[in-house]
Amino acid sequence: SQHLRPVLDNVDAFYRADVEPREKRLGRRLPDSFEYLDRNGKLHPAVQAARSEIHRASGKRGLFALHLPKTIGGGGLSRTEMFFVEEKVYSYGVGLAPAILAWTDGASPRLIFCSAAQRARFVDPLVRGEKTCCHAVTEPDAGSNLVDLKTRAERRGDRWVLNGHKALITNPFEADIVHVLAVTDPGQGKRSFSYFQFDAKGHLGKGLRRGRLNRTMFDDGLTGELHFEGLELGDDALVGERGAGFDIALTSINWTRMRRGGMCSAWSKLLIDLSLERLKTRRVGGKPLGRNQGLQWMLADMVCDWYSARSTSLACLRGIEASGAWWDTRRSKEQIRLFAIMKIVNDEAFYRVADRALQLHGGIGVMKATVVK
């Protein structure tokens, strides 16, 4: 559309001018090598610094928080519009380009529920990409099963006292701001939970302790643990109302589900293009690998998966937005169904595309120096 084209052109200009040169300078520090982690398995400081620079530059360019309402400083784009923006950003690969857009460690939908008094301290710096946060929900014994959360925030006088242990958290080591979901009213169903946010630096050693790194198969260097031990907070740390934590958590989770659409579409198309090039240029027995009809069928299946998942995403997004604001905590059953469909269809289709891409690349497909791995 005429409205969206300038945004996509802005993204491309920003990538070419600010992101791509950083990728070239970092070279082997990017995720397609062994050197993007430090000796402890955490993200290398040089990569961390580059991502932070991109966050801030993207914020100044008005790209970082395009997905959030204009009322809190965002770009006000619809979810359908954001599909095309995200597809554009992720089409550049797995290097530094994803840092152009806020993820769970940046300007997330949780900010929509912050009070006016919290805006200058927490909302504005995240929207501008000047600070990062972490979304502390998962625990060693509780992931999507929120009813099993053990982290508690107990009321003592005019203070909240937070105790608990969070694991598998993105960006716990560098986060400036901590968002944490805790049980405040046990036994009240989904009203049992509340969200809190606070400055990490001001509470380190005063009830907040950064835990160990959680090594994942992705080797992202960004996943770890947090410990809360008698951490005291005031009412001004509450995000939204007491008891609204469950709905706020689902708003953020549903946002990441919707983002699977543009992300999986872009990466699927990238793998299809790489695989097609491989079939054209790799010669076996004196002829291009792509002359083998069985491999052509595999590529055709990849295209079908990509096309069907992309179409499903756009159909789901139209349905979600027809039911009202996607961040509204009063979600219709139809919205909930469509959030789930987007995640399932995209994740499973992308897995099949990636699996076939690896097979078509053979041994080189599992090498660190390839995007395919």
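Nothing fancy with the numbering, it's 1 onward along the sequence.
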Using a distance-only test with no angle check, is there a side-chain donor-acceptor pair under 3.5 angstrom linking [X] and [Y]?
X    : Y    : value
Q118 : D236 : no
W327 : N254 : no
E321 : T80  : yes
S313 : N346 : yes

Derivation and outcome, side chain to side chain contact (heavy atoms under 4.5 Å, CB included), residues K166 and L149: CA-CA 9 Å; K166 299 291 184 177; L149 291 184; 4.0 Å; yes
Residues, nucleotides or ligands: over 12 heavy atoms within 6.0 Å of E334 CD: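 Atom CD in E334 is crowded, with more than 12 foreign heavy atoms closer than 6.0 Å.
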Audit row: V47, L96, side chain to side chain contact (heavy atoms under 4.5 Å, CB included) steps and yes/no: CA-CA 8 Å; V47 181; L96 295 175; 4.3 Å; yes
If I compare all heavy atoms of [X] with all of [Y], which pair ends up nearest, and what's the gap?
X    : Y    : value
A136 : I169 : CA-CD1, 3.7 Å
G221 : L37  : CA-CD2, 3.8 Å
L162 : A182 : CD1-CB, 3.7 Å
A200 : V178 : CB-CG2, 4.0 Å
L360 : S275 : CD1-CB, 3.9 Å
L271 : F350 : CD1-CE1, 3.9 Å

Main chain of [Y], side chain of [X]: is a donor-acceptor contact present, judged purely on distance under 3.5 Å?
X    : Y    : result
S58  : H55  : no
R260 : V345 : no
K131 : L126 : no
R210 : P172 : yes
D148 : A142 : no
R22  : D18  : yes
W306 : S265 : yes
T256 : I253 : yes
Y92  : E20  : no
W267 : Y90  : yes

If the threshold is 4.0 Å, N to carboxylate O, is there a salt bridge linking [X] and [Y]?
X    : Y    : answer
E86  : R79  : yes
R51  : D105 : yes
K280 : E277 : no
K150 : E139 : no
D247 : R330 : no
K88  : D9   : no
D38  : K42  : no

Side chain to side chain contact (heavy atoms under 4.5 Å, CB included) evaluation trace for L181 with Y195: CA-CA 5 Å; L181 183 66; Y195 250 109; 3.9 Å; yes
Linked, directly or transitively: I54 and V127 (ILVMFWY side chains, under 4.5 Å):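 Yes; tracing contacts between hydrophobic side chains, which count when under 4.5 Å, links both residues.
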Do [X] and [Y] make a side-chain contact, defined as non-hydrogen atoms from C-beta onward lying under 4.5 Å apart?
X    : Y    : value
L238 : F113 : no
F122 : R110 : no
L43  : D220 : no
D176 : P125 : no
T184 : F196 : yes
R61  : I100 : no
E348 : Y351 : no
K190 : L146 : no

From CA spacing to verdict: salt bridge (charged side-chain N to carboxylate O under 4.0 Å, His left out), R155, D235: CA-CA 10 Å; R155 190 72 174 173; D235 284 330; 2.6 Å; yes
For residues 284-303, please give each side-chain donor-acceptor pair under 3.5 Å, one per line with the distance, not counting sequence neighbours.
unit_1, atom_1, unit_2, atom_2, d
N292, ND2, L289, O, 2.9
Q296, NE2, G290, O, 2.7

If you look only at distance, which donor and acceptor atoms sit under 3.5 Å apart when one is on a side chain in residues 62-78 and the other is two or more places apart or in another chain?
unit_1, atom_1, unit_2, atom_2, d
H67, NE2, A107, O, 2.6
S78, OG, E81, N, 3.1
S78, OG, E81, OE1, 3.3

T223 and L213: CA distance, side-chain angles, deciding distance, side chain to side chain contact (heavy atoms under 4.5 Å, CB included) verdict: CA-CA 6 Å; T223 305; L213 174 76; 5.5 Å; no
Spacing of K343 atom NZ and L338 atom CG [to the nearest 0.5 Å]: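 Atom-to-atom, K343:NZ and L338:CG are 15.5 Å apart.
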Distance, nearest 0.5 Å, that separates CE of M342 from CE of M258: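 M342 CE to M258 CE: 7.5 Å, rounded to 0.5 Å.
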Centroid-centroid distance, H179 to H135, less than 6.0 Å: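 Centroid distance H179-H135: not below 6.0 Å, so no.
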Residues R242, D185; criterion salt bridge (charged side-chain N to carboxylate O under 4.0 Å, His left out); working and verdict: CA-CA 9 Å; R242 176 175 179 171; D185 300 278; 2.7 Å; yes
